[in-house]
Amino acid sequence: DGGVIAKDALGTNIQKKAYLDSHNGGSRELVQGLRGDATYLIVTEDKSDIEYYALNAVCTHLGCVVPWNKAENKFMCPCHGSQYAPTGAVVRGPAPLPLALERVEEDEAGNVVLKSWKEEDFRTGGEPWWKF
Ligand code: FES
């Protein structure tokens, strides 16, 4: 499976170099990812790269898109108060599961590509709960 090129709000392909040039370290912003779902691209703290994992923003409770709260350093769902760590691990329920992971790669043209994450979930040490 070849994955999808991450797209911005206007549907434009996201280029890795341009993205890094225009975002700060630790940035977590929404792009269009697998299935067209809102997905967080993460810039590493030292601003040198985009993290190898992206986070699907759909709350595992009842499906609200979870905003990133930079001041609190957490994802905080406005619907029923679930909270997630910067890695997407659950900090507070009712969310039962961590935010789904997507693998981040770069294609030959410099586009950011998102692929299915089928490996172990490094937050839980278990199998991924998602199937996309
Ligand atoms: S949908 Fe996020 S806490 Fe309920």
Side-chain angles (χ1 to χ4, degrees):
D1 87 89
V4 301
I5 296 175
K7 297 193 186 321
D8 68 16
L10 300 174
T12 306
N13 291 351
I14 293 177
Q15 289 251 298
K16 180 165 164 174
K17 184 172 183 314
Y19 195 84
L20 284 171
D21 285 346
S22 59
H23 290 78
N24 291 324
S27 149
R28 285 163 170 74
E29 282 187 14
L30 290 171
V31 302
Q32 231 180 92
L34 291 174
R35 311 190 298 188
D37 282 359
T39 301
Y40 283 102
L41 271 195
I42 302 171
V43 177
T44 58
E45 290 299 330
D46 68 3
K47 203 177 179 318
S48 67
D49 207 349
I50 295 177
E51 278 286 8
Y52 65 98
Y53 65 91
L55 296 170
N56 188 293
V58 177
C59 185
T60 61
H61 181 223
L62 291 174
C64 293
V65 169
V66 184
W68 170 243
N69 186 319
K70 189 172 190 288
E72 298 279 347
N73 201 38
K74 285 187 275 203
F75 294 96
M76 300 174 75
C77 188
C79 294
H80 313 92
S82 291
Q83 298 182 2
Y84 303 85
T87 58
V90 177
V91 172
R92 193 172 101 178
L97 296 163
L99 298 176
L101 298 167
E102 298 178 20
R103 180 157 302 276
V104 177
E105 293 181 7
E106 184 181 5
D107 71 11
E108 283 163 14
N111 297 305
V112 174
V113 175
L114 296 169
K115 293 186 173 175
S116 294
W117 183 290
K118 297 193 161 66
E119 301 80 9
E120 175 183 291
D121 180 341
F122 63 85
R123 288 104 23 115
T124 62
E127 292 294 305
W129 61 262
W130 56 91
K131 297 271 182 279
F132 59 87

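We use all heavy atoms of the structure for the numbers below, so side chains are in, but hydrogens, waters and symmetry mates are not. Throughout, numbering of the chain's residues begins at 1 and tracks the sequence. Whatever order the structure lists ligands and atoms in, that order sets their numbers, starting from 1. On a predicted model such as this, the values are computed, not experimentally measured, just so you know.
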Nearest non-hydrogen partners of A6 and V31, listed with the distance
CB-CG2, 4.1 Å
Looking at every heavy atom in both F75 and R28, which two are closest together, and how far apart are they?
CZ-CD, 3.6 Å
For atom 4 (Fe) of ligand 1, report each protein N, O or S atom nearer than 2.8 Å, sorted by chain and then by residue number.
H61 ND1, H80 ND1
Disulfide (SG to SG under 2.5 Å): pairs with one or both residues in residues 65-94, sequence neighbours excluded:
C64-C79
Look at the rings of F132 and W130 and say which category their plane angle falls in: under 30° parallel, 30 to 60° tilted, over 60° perpendicular.
tilted
For W117 and Y53, take the angle between the two ring planes, folded into 0 to 90°, and tell me which bin it lands in: parallel under 30, tilted 30 to 60, perpendicular over 60.
perpendicular
As an exercise, state the distance from CG of L20 to CD1 of I14, rounded to the nearest 0.5 Å.
11.0 Å
